[in-house]
J.: 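Could you have a look at this structure, given as structure tokens, before my questions?
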Protein chains: 2
Amino acid sequence: MAQRGRRSARVSGDERQDAILVTAEALLAGRAFDDVSIEDLARGAGISRPTFYFYFPSKDAVLLALLDRVITEVEHRVGHLPRDFESDPAGAWTRSIGMFVEVFVSHRAVSTAAIGARARNDEVRGLWSRSMQSWVDFSSDVIRAEQARGAAPAGIGAHDLAVSLNLMNERVITAALNRESPAIAETAALDVLSTIWIRSIYGSDNPGGR
Amino acid sequence: MAQRGRRSARVSGDERQDAILVTAEALLAGRAFDDVSIEDLARGAGISRPTFYFYFPSKDAVLLALLDRVITEVEHRVGHLPRDFESDPAGAWTRSIGMFVEVFVSHRAVSTAAIGARARNDEVRGLWSRSMQSWVDFSSDVIRAEQARGAAPAGIGAHDLAVSLNLMNERVITAALNRESPAIAETAALDVLSTIWIRSIYGSDNPGGR
DNA sequence: TGAGATAGTCAACACCGTGTTGAGAACCGG
DNA sequence: CCGGTTCTCAACACGGTGTTGACTATCTCA
């Protein structure tokens with residue numbers, strides 16, 4: 001429950017913690033994680049650097065907190081993804097991939113920072129893994145079901161296929177968002193990725209088509 | 001030309017420079033780039049830290065030098081890749097992707113470090129881009145040719161397809177080499193990747209098959 | 001109301017890694 | 001053997017991280 005009664009003379013701890021998170025997200029939109037110092041975060045939240053350590057044990061912990069909210073959203077959204085791929089497989093995959101793209105785009109600063117920090121920080125890596133794993137579990141379940149009902153050819157294992165396609169999504173989308181080179185246009189991503197998914201899952205452009 | 005005559009009393013500059021490179025590659029095999037300090041490189045090469053700066057302006061420059069050799073090899077190998085995909089498209093793609101995998105595997109320390117440093121360093125990003133661009137150019141040329149001769153369906157642009165598939169390779173292979181999770185087994189990579197390439201380029205498992 | 005617990009704050013400090021400076025040693029070609 | 005170039009490093013400056021300890025504000029319960 002939120003603060004009751006009159007506002008206390010002093011800014012509350014929760015507000016400060018939140019101010020750090022808000023500052024971090026704002027600064028991360030403009031520059032890389034490494035280029036944001038704890039001093040920057042503290043100043044942004046209106047506190048001194050040592051006081052920052054009262055709220056977070058490190059800069060990475062701030063990223064972790066930010067990432068945690070994204071992961072929660074991912075798991076929630078993946079859990080509610082429809083699994084009825086019989087009637088319109090192509091459309092259903094496109095909608096699922098569209099959600100993946102959407103999550104990335106709406107949290108691009110955090111995603112980019114997390115991908116960068118992943119190599120260095122175990123917890124970031126673990127959290128990121130977990131969210132990728134949700135997507136992989138979802139997709140490999142569906143691929144397996146499609147293979148079972150004969151709509152998709154066997155060939156390679158559903159799990160390996162799901163992992164590869166999801167890693168492709170991750171990489172292609174970050175490349176597009178950060179305007180890397182080579183990369184594809186952000187606007188083309190969903191279309192291109194869907195086509196690759198569908199062709200490689202079904203071995204055809206038009207699964208279930210007449 | 002190599003050193004002539006008797007070995008000089010003092011170790012030559014070129015040897016020192018090389019010793020730094022060798023040390024860097026050795027240390028990078030065991031730990032992340034960020035965890036290797038200039039002090040470590042200097043000690044490994046038998047010099048003091050300030051002397052390191054006589055040979056390289058920064059730690060990144062060492063990585064750049066290492067990466068440069070890899071890029072040269074990539075461009076050379078890509079340039080010599082056969083482009084006769086008519087008779088055995090599936091086999092030809094598998095051989096090309098096999099070469100991609102091979103380069104990664106044989107320079108895994110440098111590749112991993114470069115991918116990590118890419119976000120931070122413009123020159124690393126540029127160099128990496130260039131090598132990815134060689135692969136992309138090669139693959140999009142071949143895809144375009146396959147589409148032109150009617151072996152592959154149009155659907156999505158050859159360039160976007162080539163970029164996406166190459167980025168998938170990069171990501172899937174690094175995940176496998178670093179034993180990330182989710183990832184596929186290193187031994188399965190070539191098979192899985194080839195299948196996805198062939199299905200998404202030709203819309204079939206068996207292009208040109210009877 | 002006032003004594004102790006709890007939350008919050010920060011100046012000052014210790015540390016580590018990077019990069020610079022300036023003085024000098026070793027070697028080379030004339 | 002002398003002048004220039006190559007090479008070397010102690011000592012320093014700096015910036016970022018994380019810690020300490022003392023201090024202030026607020027809350028709570030007798």
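Letters go in sequence order (proteins before strands), and every chain restarts at 1.
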J.: Of the candidate nucleotides C:dT18, C:dC10, C:dG19, which contains the atom at the shortest distance from the side chain of B:Ser58?
T.: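 Minimum distance to the B:Ser58 side chain belongs to C:dG19.
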
J.: Counting side-chain heavy atoms from C-beta on, which of C:dA7, D:dC9, D:dT8 comes nearest to B:Pro50?
T.: D:dC9

J.: Assess whether a salt bridge exists between A:Arg130 and A:Glu75, defined as any Lys/Arg side-chain N lying under 4.0 Å from an Asp/Glu carboxylate O.
T.: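 Result for this pair is yes, salt bridge flagged.
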
J.: What is the minimum heavy-atom distance between A:Ala92 and A:Asp84, and which atoms define it?
T.: CB-O, 4.4 Å

J.: Closest heavy-atom contact between B:Ile201 and B:Leu165?
T.: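 The answer is CG1-CD1, 4.1 Å.
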
J.: So, A:Asp205 and B:Arg199, do they make that salt bridge, N to O below 4.0 Å?
T.: no

J.: Does a side-chain N or O from B:Arg16 land closer than 4.0 Å to OP1 or OP2 of D:dT8, or not?
T.: yes

J.: Where the side chain of A:Lys59 is defined as all heavy atoms beyond and including C-beta, which of D:dC7, D:dT17, C:dT9 is the nearest nucleotide?
T.: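 Closest of the options to the side chain of A:Lys59: D:dT17.
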
J.: Rounding to an integer number of Å, can you tell me how far B:Ile47 CD1 sits from D:dT6 C1'?
T.: 14 Å

J.: Whole Å only: how far is the OH atom of A:Tyr55 from the P atom of C:dC10?
T.: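 Nearest whole value for this atom pair: 9 Å.
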
J.: Does a side chain donor of either A:Asn169 or A:Trp135 reach within less than 3.5 Å of an acceptor in the other side chain?
T.: no

J.: Atom CG of A:Asp34 to atom C1' of C:dT18: distance rounded to whole Å?
T.: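 Going from A:Asp34 (CG) to C:dT18 (C1'), I get 14 Å.
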
J.: Using a cut-off of less than 4.0 Å, is there contact between a side-chain N or O of A:Thr51 and OP1 or OP2 of C:dC10?
T.: yes

J.: Nearest whole Å is fine: how far is D:dC7 P from B:Phe52 CZ?
T.: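 One finds 16 Å between P of D:dC7 and CZ of B:Phe52, rounded.
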
J.: Rounding to 10°, can you tell me the angle the first-five-pair axis of the helix from C:dT1-D:dA30 to C:dG30-D:dC1 makes with its last-five-pair axis?
T.: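 Computed angle between terminal axes is 10°.
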
J.: Rounding to an integer number of Å, can you tell me how far A:Arg43 CZ sits from C:dC10 P?
T.: 13 Å

J.: Please determine, for the side chain of A:Phe54, which listed nucleotide (C:dA7, C:dG17, D:dT6) has the closest atom?
T.: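 Per side-chain heavy atoms of A:Phe54, the pick is C:dA7.
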
J.: Whole Å only: how far is the CD atom of A:Glu15 from the P atom of C:dG8?
T.: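 Rounded to the whole Å, the gap is 11 Å.
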
J.: Can you check whether A:Tyr53 has a side-chain N or O nearer than 4.0 Å to OP1 or OP2 of D:dT20?
T.: no

J.: Where is the tightest heavy-atom contact between A:Pro89 and A:Tyr202, given as atom of each residue plus distance?
T.: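 Here A:Pro89 and A:Tyr202 meet closest at CB-OH, 3.3 Å.
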
J.: For the pair made of CD1 in B:Ile38 and P in C:dC16, what is the distance, rounded to whole Å?
T.: 17 Å

J.: Are B:Glu25 and B:Arg69 within salt-bridge range, i.e. N to O under 4.0 Å?
T.: yes

J.: If I take atom CZ in residue A:Phe56 and atom C1' in nucleotide D:dT19, what distance separates them, rounded to the nearest angstrom?
T.: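 About 19 Å, once rounded to whole Å.
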
J.: Please evaluate the base of D:dG16 for a donor-acceptor partner in the side chain of A:Arg49 within a cut-off of under 3.5 Å?
T.: no

